[in-house]
Protein chains: 4
Amino acid sequence: MNESAKKQPGRPRSAQSHQAILQSTLDLLAQVGYERVSIDAIATHAGVGKTTIYRRYRSKEELVADAIESLREEIEIPETGTLWGDLDCIIESAVKTTLTPLGRQILAMIIGAASSSPQFAQVYWTKYLQPRRQAFHVVIERAKARYEIQAETDSDMVFDLISGIMLYALVFQPSNEPVEVYIRRAIDLILK
Amino acid sequence: MNESAKKQPGRPRSAQSHQAILQSTLDLLAQVGYERVSIDAIATHAGVGKTTIYRRYRSKEELVADAIESLREEIEIPETGTLWGDLDCIIESAVKTTLTPLGRQILAMIIGAASSSPQFAQVYWTKYLQPRRQAFHVVIERAKARYEIQAETDSDMVFDLISGIMLYALVFQPSNEPVEVYIRRAIDLILK
Amino acid sequence: MNESAKKQPGRPRSAQSHQAILQSTLDLLAQVGYERVSIDAIATHAGVGKTTIYRRYRSKEELVADAIESLREEIEIPETGTLWGDLDCIIESAVKTTLTPLGRQILAMIIGAASSSPQFAQVYWTKYLQPRRQAFHVVIERAKARYEIQAETDSDMVFDLISGIMLYALVFQPSNEPVEVYIRRAIDLILK
Amino acid sequence: MNESAKKQPGRPRSAQSHQAILQSTLDLLAQVGYERVSIDAIATHAGVGKTTIYRRYRSKEELVADAIESLREEIEIPETGTLWGDLDCIIESAVKTTLTPLGRQILAMIIGAASSSPQFAQVYWTKYLQPRRQAFHVVIERAKARYEIQAETDSDMVFDLISGIMLYALVFQPSNEPVEVYIRRAIDLILK
DNA sequence: CGGTAAGCGAGACGGTACGTCGCGTCTTAAG
DNA sequence: CTTAAGACGCGACGTACCGTCTCGCTTACCG
């Protein structure tokens, strides 16, 4: 079958080291932030030589990007029977993954890199946001079928608005309410 | 009037150097991004000693923050007579200032810093967003008076949604349309 | 006789690789000097894995020592019939083997190592200098028998003086004459 | 006078750091040898940043060369009244400075470098050996005036022979006698 | 003649030192 | 008392070798 897979000579790269590197990267990233993580620190924390990191990644950016990649969990489409039940699931899940030190750092990095290397943000868009947008589409279609919302609602735009307000709330905390409540209010306004 | 102004002895600080520093900071910020600007480079580019920078700012962050501050233009509340006329002005102005390399860098910086030092984002919120939110409030109130939109519309939440979708669009370019058109569609959805 | 020689099982070590390693070591040693030779480079140049080198030698020092060992040619005692005929042969041979990039590197290495590990120089002394000293002794004894020089001449000391001046000339080039001429003048002075 | 001397702007290089660097270099050089000294270690030992070293020297070689330079003491021409009195002074002084770990390391380095960059040995020759050769010339001339040795003796060649045998003795320890005694015997043979 | 044990090439591994760069501070002389 | 210049201590960067450790193969011998 995959005839090229097992052909390369020499000692194979250690999956264990690989995992340790990614985990340490995420740990330290959450602790001290992107700027202040040093490759040396990651290597030490992972019990690994710097070489082993640089063999896999050309730079801190690449390493961090892959570390973030690695923790992308499965998207599951909630099905509670009501629109707001589904939405609450989505909000909770999104808030949970984004409203952490690590989440903030990742977003900051993506936005920062987006300027110099747009494909970086593109990856995040393709791998992370796009699938959720589609899951959201399903939720909205179901709600339309139940006549909970108008048939002409543009689910993509609604998703983008929700993502936008979450990004915004994350950075600026525009309200004194808990984020979840604020988000729910916003969605309420969008969906009338 | 300001009797204390001319009191301190010695050579006064050069306003010319000050300006050169800010301009160079913005130039290089737009060119290479926050991370890769070096104080040395700014000093050289501005024809100024590093001392002169560090006398005014304690760190790169402070310098960059002030440089960004310095280009904040006056907020003017548009008054075209119709809600959409006003909104178009607001959108155009916002897009114009944000959709540039410099704009992106600034946002990236704010979001990045927001994680480690929240007061950084707070400054941006207070000095930049808050006034615009208030201006937006005026525009919405006028529209309410003209019965263009419902009286119970929460102008702050609408503003946040718009800001959010702009932030989001800026980073992820979720659509193939020009940003302005996309934003306008979004606002349309919000205001029904 | 050597009943243990052919007993060990498994694949025997490749004499071809062995030779390639030694040759590559000497080549690179002459090209870039002891410090800058890397085992990796030797392995690559010899078309051999690093393992194959480290199975034979514990360190770069050992490898280089053996490589040098390997090129030690037979000492032949010249017999031209006159003292100076013999001496000329000795000088020419010595100059020829020492006044090359490789020769210099080897000497440098020996002297360098002599400080940290005296047995290194001792090996060179025992294996290289001692036999020549004895050959020289024969030449001198013959000259004494021919009454060309005084009977009480200490051949060892003369040999050491000659070796010393050659070492010295090699490093410092104290004269504008060709080395051979300079050496001959020195010997002349020693033997009156 | 020296019109160019005091013109350069900026903070002058710290003579104190300079001294600390040289001293630490010599200390560590004597302790662990050229190969095993690390710039980091020198910097730490000297209480100095690596930058400060690299601002002055491009490489370890350059640094070490200058450190060695720095400890060159004054040459004084002995005047005991007899040739052998003078010679004993010279021998003792030479042995004292060369027969130390540091002395050996220095010689090793010079010889090693001589191969790749001959001007390195040339410096040592010009700055160290040449002056001693001249001092030695004076000693020999005085002995000639006292009719202690033949008038046609070539003092340079004698000096070179002595230097050579010392270099040789230093590296190979060809005899069981103390070095001073061995050297004295050698000189005796040269001068008949 | 097929098993077994060492050798082989390739190359990844945990380290150490390298030489460079940027930080924010300090020290000059010049204004 | 500020300025331009630039040295300072520090610490991270990414590279190059070190000597060790797997890998999946030969390659020879021995039972």
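Just the heavy atoms: all of them, side chains too, but no hydrogens, waters or symmetry mates, feed the values below. So that the names make sense, note that chain A is the first sequence line, chain B the second, and so on, each numbered from 1.
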Any residue in residues 46-55 of chain D with a heavy atom nearer than 4.0 angstrom to DNA chain F? Just list them by number, or reply none.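 Of all residues in residues 46-55 of chain D, the ones placing a heavy atom under 4.0 Å from DNA chain F are D:G47, D:V48, D:G49, D:T51, D:T52, D:R55.
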Under a plain distance cut-off of 3.5 Å, with no hydrogens placed, do D:Q23 and D:D27 share a side-chain donor-acceptor pair?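 D:D27 vs D:Q23: donor-acceptor pair found between side chains.
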Pair B:H18-B:R56, side-chain donor/acceptor within less than 3.5 Å: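 B:R56 and B:H18 do have a side-chain donor-acceptor pair below 3.5 Å.
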Report yes if the side chains of A:L63 and A:I39 come closer than 4.5 Å at any heavy-atom pair, otherwise no.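 Touching, per the 4.5 Å side-chain cut-off.
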Less than 4.5 Å apart, side chain to side chain, heavy atoms only: is that true for A:I42 and A:V37?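 In short, these two side chains touch, coming nearer than 4.5 Å.
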Could you pick out which residue, A:S14 or D:A41, lies toward the 5' side of DNA chain E when each is mapped onto its nearest nucleotide?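 That would be A:S14.
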[X] [atom1] to [N] [atom2]: how many Å, rounded?
X	N	atom1	atom2	value
C:E62	F:dC18	CD	P	15 Å
A:I39	E:dG14	CD1	C1'	16 Å
B:D40	E:dC23	CG	C1'	8 Å
C:R13	E:dG7	CZ	P	5 Å
C:H18	E:dC8	NE2	C1'	15 Å
C:L63	F:dC18	CG	P	10 Å
B:Y34	E:dG22	OH	P	15 Å
D:R36	E:dC18	CZ	P	14 Å

Overall bend - the helix from E:dC1-F:dG31 to E:dG31-F:dC1, comparing terminal axes fitted on five pairs, nearest 10 degrees: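 Here the helix ends are tilted 10° relative to one another.
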To check you understand the geometry: which heavy-atom pair defines the closest contact between A:Y34 and A:L29, and what is its length?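 Looks like CA-CD1, 3.6 Å.
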Over all atoms of both residues, closest heavy-atom pair of A:A43 and A:G49: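 In this case the closest contact between A:A43 and A:G49 is CB-C, 4.2 Å.
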Any side-chain N or O of [X] below 4.0 angstrom from OP1/OP2 of [N]?
X	N	answer
C:S59	F:dG19	no
A:R56	E:dC13	yes
A:R11	F:dC21	no
D:S17	F:dG9	yes

Check this for me: D:Q122, atom CD, are more than 12 non-hydrogen atoms of other residues, nucleotides or ligands nearer than 6.0 Å?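 Yes.
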More than 12 heavy atoms of other residues, nucleotides or ligands under 6.0 Å from CD of C:E69: yes or no?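 Above 12, so yes.
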Identify which nucleotide among F:dC23, F:dA12, F:dG6 has an atom closest to any side-chain atom of D:P9, counting heavy atoms from C-beta outward.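 So the side chain of D:P9 is nearest to F:dG6.
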Qualifying residues under side chain to side chain donor-acceptor pair (under 3.5 Å), relative to D:S70, sequence neighbours excluded: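 With sequence neighbours excluded, D:S70 shows a side chain to side chain donor-acceptor pair (under 3.5 Å) to no residue whatsoever.
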